[in-house]
Amino acid sequence: MITNRSFDRYIRGRTDSVAMFSSGMREMAAAVRVLAKGDLARYGNQGVSEVQRFEDALRATIGVEHALAVNSGTSALICALVGAGVGPGDEVLVPAYTWVSTAAAPLAVGAVPVLVEIDSSLTIDPADITRKITPHTKAIIPVHMLNLVCDMGPIMAIAEEHGLVVIEDACQAVGLTYRGRRVGSIGHAGAFSFNQHKNIRSGEGGALLTNDRRLYARASMYHDVGSYERTGWAQGDVPLVVGVNYRMPELSAAILRPQLARLDAQLARRRARRRLVIDELGKGPYSRAALNPHHDPDAAAGLAISFPDPEQAAAFGGRRGARRLIDTGRHVYTNWQSVLARNPHHPRLDPYAWAHREFDHGPRSCPETLGILARTCTVELAPELPTPAFRMLARGLAR
């Protein structure tokens, strides 16, 4: 049986393989090229920027008309909300299971997040979306968690019926598809993250994706306070808005572009490892554990497993390579301390003071979500690990 000590020793002996996958020669060469050029900011003085090249490649890969590279997934969400005209007095529906940024982004533009239950797919429940809509609802942010995609068909139908904006938070599912379409291209806008834990990574970074020219123009202005003086900038008939600085630096874009070219191969590796873990689990004491449903099973690149009770989930989640979802900190709404505090940096900028009603963000506001998370574990598919090491990990999980 695998032990923490033996596994760690095995991995330490293969650090070179892991490092090569995470930071390959192409990324290193790209970083050196930027450093040699001398322009570390997007708007330098020497030709087409690395950021623009990355945006062009991202547009082509995801299948959208516009891609805007920014410095984080949080910034991408905020820019999307600004682009869509969301602001004070508006309500934004967000799932109760997501990274805290999904709820913080509406607050950043003066709107208020409204918590929505998830279902057993670990994504936002369309039935609860319908229950939570009010005359003040302006947008929905469905979140594709853990490389598990939302059921975008019903979500888009609900949004169309009620005239709502859909902003896909695809930060944890870069490159995934839903019924043949890349996530991030289905809603009115999408947001990606490229931080250290994402499918492609630059330490920090993000992108907004959209087919809406006006939304893109407003988001572009907002992400760069000096946009109106940039060479070639054309805002068209979209009125100028004052912005901040969420620009992506050249080094980030340079090391992301080679990873983007390998993205589909990396996702295929995740899918193969998902099948491997499922096969191993079927041979041992967890053969009756239930796989959480996926809204596009053939494209599934994440793995979650449900147990009859929280105790069994806690036991499995304590194994190397697995984690019980209720224990994932700021991904669970009850741990969103900065959101729950309702303490704006200035009292006159309090979004709740502009709201039209009271909101319940307490621990009892989404009980179904807490129950699901307490019984569910995720398995890390670790594409950066050499195959022998991952097989050892999968066998250890199943015993």
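Legend: residues meeting side chain to side chain donor-acceptor pair (under 3.5 Å) with Glu380, ordered by chain and number and at least two apart, are absent. The salt bridge (Lys or Arg N to Asp or Glu O under 4.0 Å) check on Arg275 picks up nothing, with sequence neighbours excluded.
In this structure, Trp336 contributes its side chain and Arg330 its backbone to a donor-acceptor pair below 3.5 Å. With Arg324 contributing its side chain and Gly317 its backbone, the two residues share no donor-acceptor pair below 3.5 Å. Judged purely by atom type and a 3.5 angstrom limit, Lys138 has no side-chain atom pairing as donor or acceptor with the backbone of Val92. Using a distance-only test at 3.5 Å, with no hydrogens or angles considered, a donor-acceptor pair links the side chain of Ser220 to the main chain of Tyr216. Side-chain N or O atoms of Thr376 include none that pairs as donor or acceptor with a backbone N or O of Leu373 at under 3.5 Å. Between the side chain of Asn199 and the backbone N or O of Val174 there is at least one donor-acceptor pair closer than 3.5 Å. Formation of a donor-acceptor pair under 3.5 Å by the Ser72 side chain with backbone atoms of Gly205 is not found in this model. With hydrogens and angles ignored, the 3.5 Å screen pairs a side-chain donor or acceptor of Gln259 with a backbone N or O of Arg201.
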Query raised in the report: So Thr98 and His331, side chain to side chain donor-acceptor pair (under 3.5 Å) or not? Walk me through it.
Result: CA-CA 5 Å; Thr98 178; His331 291 93; over 6 Å; no
Query raised in the report: After noting the C-alpha distance and the side-chain angles of Asp296 and Arg181, does the key distance pass the salt bridge (charged side-chain N to carboxylate O under 4.0 Å, His left out) rule?
Result: CA-CA 11 Å; Asp296 192 344; Arg181 296 180 64 182; over 6 Å; no
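Look at Arg395 and Asp279 and you find no salt bridge, because none of the NZ, NE, NH1 or NH2 atoms lies under 4.0 Å from a carboxylate O. Here Glu168 does not pair with Arg182 in a salt bridge; the nearest charged N to carboxylate O distance is not below 4.0 Å.
Side-chain contact of Ser306 with Asn292: a donor-acceptor pair under 3.5 Å is present, judged by distance alone. Checking His162 against Thr137 by side-chain atom types alone, no donor-acceptor pair falls below 3.5 Å. Using modelled atom types and a 3.5 Å distance limit, the side chains of Asp119 and Ser121 yield a donor-acceptor pair.
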